[in-house]
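Note that the structure is a prediction, hence the values are computed from the model and not measured. Worth knowing before you read on, the calculation uses all heavy atoms, side chains too, and leaves out hydrogens, waters and symmetry mates.
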Amino acid sequence: MSNKVVLITGASSGIGAEVAKVFASNDYNVVINYNNSSDAALKLKEEIENKYHVTAICIKCDVSNELEVKSMVEKAINTFGHIDVLINNAGIAIDTTFEDKTVENFRRILDTNLIGTFIVSKYVGKYMLENKSGAIINVASTNGIDTIYPESLDYDASKAGVISLTKNLALQYAPYIRVNAVAPGWVNTDMNKELDKTFIDKENEKILLNRFARPEEIAKVIYFLATPDASYINSEVIRIDGGFKC
């Protein structure tokens, strides 16, 4: 029996890279999607193949480009024959003051974070429906629920859209494909590494656990949602924020 296959968007670093490692450690073959970080993606491929003895492939693809997504999914299917789990993790943020927000950047964030999630789900979902089986986990954010930051209003809006999209996809793909989302709070990733220490200290005071999450802590919840142990969880958003008090 062949290994199961997971496709992870934005997998070259941060949460995505940790997700790849967790699935590989559980005998999944891995499709590592990246857009810019080819060196990091290839390094991750080498690491998980050597450590976990599974097969990994790296595919460059801008998830907001439908033709590139179609090609990526076809390459994955041609390589492995099936995709069992999709993790829509690719996301960007461009934090600025409200006055400096531009329509161009707002659209870029929506294109990657929200429309990209739709496009990849559409093309992977097609193959999952043929097999009448599959799981999709979208990476949203507490920013899409109630942790509101005006400098991130475009990011916040995109993640609120991902949550809505999750529930619509669950309805569309029922009963064969389970679609859920995770909503992390603050996580120690490259996206947040430039934050001011004073700001981090103030945010930590709002978190009952007094710290940002480690990427692997998010990855383990994502993996759980893909397993048979979560077989009756569908159309849900799992908040992972350490007990954040707004």
**Q** If only side-chain N and O atoms count, and only distance matters, is there a donor-acceptor pair under 3.5 Å linking S152 with D95?
**A** yes

**Q** Report yes or no: do Y173 and V73 belong to one cluster of Ile/Leu/Val/Met/Phe/Trp/Tyr joined by side chain heavy-atom distances under 4.5 Å?
**A** yes

**Q** Has S12 got a side-chain atom pairing as donor or acceptor with A40's backbone, closer than 3.5 angstrom?
**A** no

**Q** Could you walk me through whether D111 and S64 pass the side chain to side chain donor-acceptor pair (under 3.5 Å) check?
**A** CA-CA 5 Å; D111 281 346; S64 69; 5.3 Å; no

**Q** Let's go through N138 and T117 carefully: what are the C-alpha distance in whole Å and the side-chain angles of both, what is the deciding distance for side chain to side chain donor-acceptor pair (under 3.5 Å) to 0.1 Å, and is it a yes or a no?
**A** CA-CA 8 Å; N138 299 324; T117 297; 5.2 Å; no

**Q** How many angstroms lie between OG1 in T147 and CG in D156, if you round to the nearest 0.5 Å?
**A** 6.5 Å

**Q** Just by distance, with hydrogens left out, do D100 and T97 show a side-chain donor and acceptor under 3.5 Å apart?
**A** yes

**Q** Nearest 0.5 angstrom please: I145 CD1 to F244 CZ, how far?
**A** 12.0 Å

**Q** Between T9 and N33, is there a side-chain donor-acceptor contact under 3.5 Å, judged purely by atom types and distance?
**A** no

**Q** Distance-only, no hydrogens or angles: does the N234 side chain make a donor-acceptor pair with backbone N or O of N180 under 3.5 Å?
**A** no

**Q** Using the test side chain to side chain donor-acceptor pair (under 3.5 Å), find all partners of Y149 that sit at least two apart in sequence or belong to another chain.
**A** E203

**Q** Quick one: does T79's side chain have a donor or acceptor within less than 3.5 Å of a partner on K75's backbone?
**A** yes

**Q** Is it true that the side chains of N131 and S133 contain a donor and an acceptor less than 3.5 Å apart?
**A** no

**Q** So that I can tick it off, tell me whether D201 and K197 are bridged by a salt bridge, with the cut-off set at under 4.0 angstrom between side-chain N and carboxylate O.
**A** yes

**Q** At their closest point, which heavy atom of K101 faces which heavy atom of E151, and how far apart are they?
**A** NZ-O, 2.5 Å

**Q** Let me confirm one number: the OG-OH distance from S141 to Y155, rounded to the nearest 0.5 Å.
**A** 4.0 Å

**Q** With a sphere of 6.0 Å drawn around CD of E74, does it hold more than 12 non-hydrogen atoms of other residues, nucleotides or ligands?
**A** yes

**Q** Under the side-chain contact (heavy atoms from CB on, under 4.5 Å) test against L44, which residue among I8, V30, I32, D39 passes?
**A** I32

**Q** Not counting sequence neighbours, list each pair that qualifies as a salt bridge (charged side-chain N to carboxylate O under 4.0 Å, His left out) and has a residue in residues 6-33.
**A** E18-K21, K21-E47

**Q** If you draw a 6.0 Å radius around NZ in K60, do more than 12 non-hydrogen atoms from other residues or ligands fall strictly inside?
**A** yes

**Q** Which value, rounded to the nearest 0.5 Å, describes the distance between K70 atom NZ and I119 atom CD1?
**A** 13.0 Å

**Q** Using 4.0 Å as the upper bound for N to carboxylate O, is an ion pair formed by R211 and E217?
**A** yes

**Q** Any carboxylate oxygen within less than 4.0 angstrom of a Lys/Arg side-chain nitrogen, looking at R239 and D146?
**A** yes

**Q** Given side chains that start at C-beta, do those of I87 and I222 come closer than 4.5 Å, heavy atoms only?
**A** yes

